[in-house]
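Here is the structure we will look at, set down as structure tokens.
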Amino acid sequence: MKIASWNVNSLNVRLPHLLQWLQSAQPDVVALQETKMEDAKFPDTAIAESGYRSVFSGQKTYNGVAILARRHAIEDVQAGIPGFADEQKRVLAATIAGVRIVDVYVVNGQAVGSEKYDYKLRWLAALHDWLKEEIARHPKLVVLGDFNIAPDARDVHDPVVWNDDSILTSTAERAALQRLYALGLHDSYRLLHDEGGAFSWWDYRQAGFRRDLGVRIDLVLASDALHASCVAAMIDREPRTWDRPSDHTPVLLELG
DNA sequence: ATGGTGGCATGGCCA
């Protein structure tokens, strides 16, 4: 089973890219982030014509998450973190082919010390507490999405720029990610690749992609129970080369 | 140091 995550930065704009990519990559499950659309406007018909069922939790302008699946039913759908009041649509969970899928669009945080940064850390703490229960209920768990955290120095183009005090790489953000790892969740890309320099997001500004000034912040975490089934992990850079791309590119995990 | 680009919405926020 091929499981993918992609922050599309507006599904309105990126729907043609998504459909083209579904056709070429043939993933079984796709978690989308930043759909930026209300549920009533979700293009489930166009996506169904490509062979995928979809569930979604969106809002106008900001945030928004969706899960697509082909062949298998999408069951036991849950939007948001239970018990954590949040107007922002950032979480969607569902069970597909016996695997619990948790799609997350983690808060960006803007700048270390800002109000949004505090919200990011509170949000990650709530996510941790919920996932602790979720993994007990569903040992076969995949948590994937835009984490807005680069796990370590290999995951940034320049560790001097992206340092302990920078947003996306600060000590507290990385500690929050380590707490998720401590639940028995593993960065599947790192299970299978040691080398650095493989990125999933490049700033639109300053020709970030052309100069490969990226960071790896889109992650697929797999639980202990799935560890032995992780047969391939990859980042597909191609959609980032297309005309008018998302600033993120898809990341994938193949379970054997 | 500041602002650079893109999306949404049409002035300013968010990333």
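Source: prediction; values computed, not measured. A, B, ... follow the sequence lines: proteins, then strands. Residue 1 opens every chain.
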Give the other cluster members for A:Val160, using side-chain heavy-atom distances under 4.5 Å between Ile, Leu, Val, Met, Phe, Trp and Tyr residues; answer none if it is isolated. none

Taking the hydrophobic residues Ile, Leu, Val, Met, Phe, Trp and Tyr, and joining any pair whose side-chain heavy atoms are under 4.5 Å apart, which ones share a cluster with A:Leu192? A:Leu191

With a 4.0 Å limit, can you tell me whether A:Ser10 has a side-chain N or O closer than that to the phosphate oxygens OP1/OP2 of B:dC8? yes

Can you tell me if the side-chain N/O atoms of A:Arg14 get under 4.0 Å from OP1 or OP2 in B:dG7? yes

Anything under 3.5 Å between a donor and an acceptor, one on a side chain of residues 35-45 of chain A, the other on a protein residue two or more places apart or in another chain? List them.
from: A:Thr35; atom 1: OG1; to: A:Gly64; atom 2: O; distance (Å): 3.4
from: A:Lys36; atom 1: NZ; to: A:Asn9; atom 2: OD1; distance (Å): 2.8
from: A:Asp39; atom 1: OD1; to: A:Gly58; atom 2: N; distance (Å): 2.8

Look for any protein N or O under 3.5 Å of an N or O in nucleotides 12-15 of chain B and output each such pair with its distance, or none.
from: B:dC14; atom 1: OP2; to: A:Lys116; atom 2: NZ; distance (Å): 3.1

What integer number of Å spans the C1' atoms of B:dC14 and B:dT10? 16 Å

Using atom C1' in both nucleotides, what's the gap between B:dA15 and B:dG3 to the nearest angstrom? 15 Å

Quick one: side-chain hydrogen bond (donor to acceptor under 3.5 Å, both in side chains) pairs with a partner in residues 13-22 of chain A, sequence neighbours left out? A:Trp21-A:Asp236

Checking side-chain polar atoms at under 3.5 Å, does A:Ser200 have a donor or acceptor matched by the opposite partner on A:Tyr189? no

I'd like to check the side-chain hydrogen bond (donor to acceptor under 3.5 Å, both in side chains) partners of A:Arg71; sequence neighbours left out, ordered by chain and number. A:Asp28

A:Gln59 CD to B:dC8 P, straight-line distance once rounded to whole Å: 14 Å

Mind calculating the distance between CD (A:Glu38) and P (B:dG7) to the nearest angstrom? 20 Å

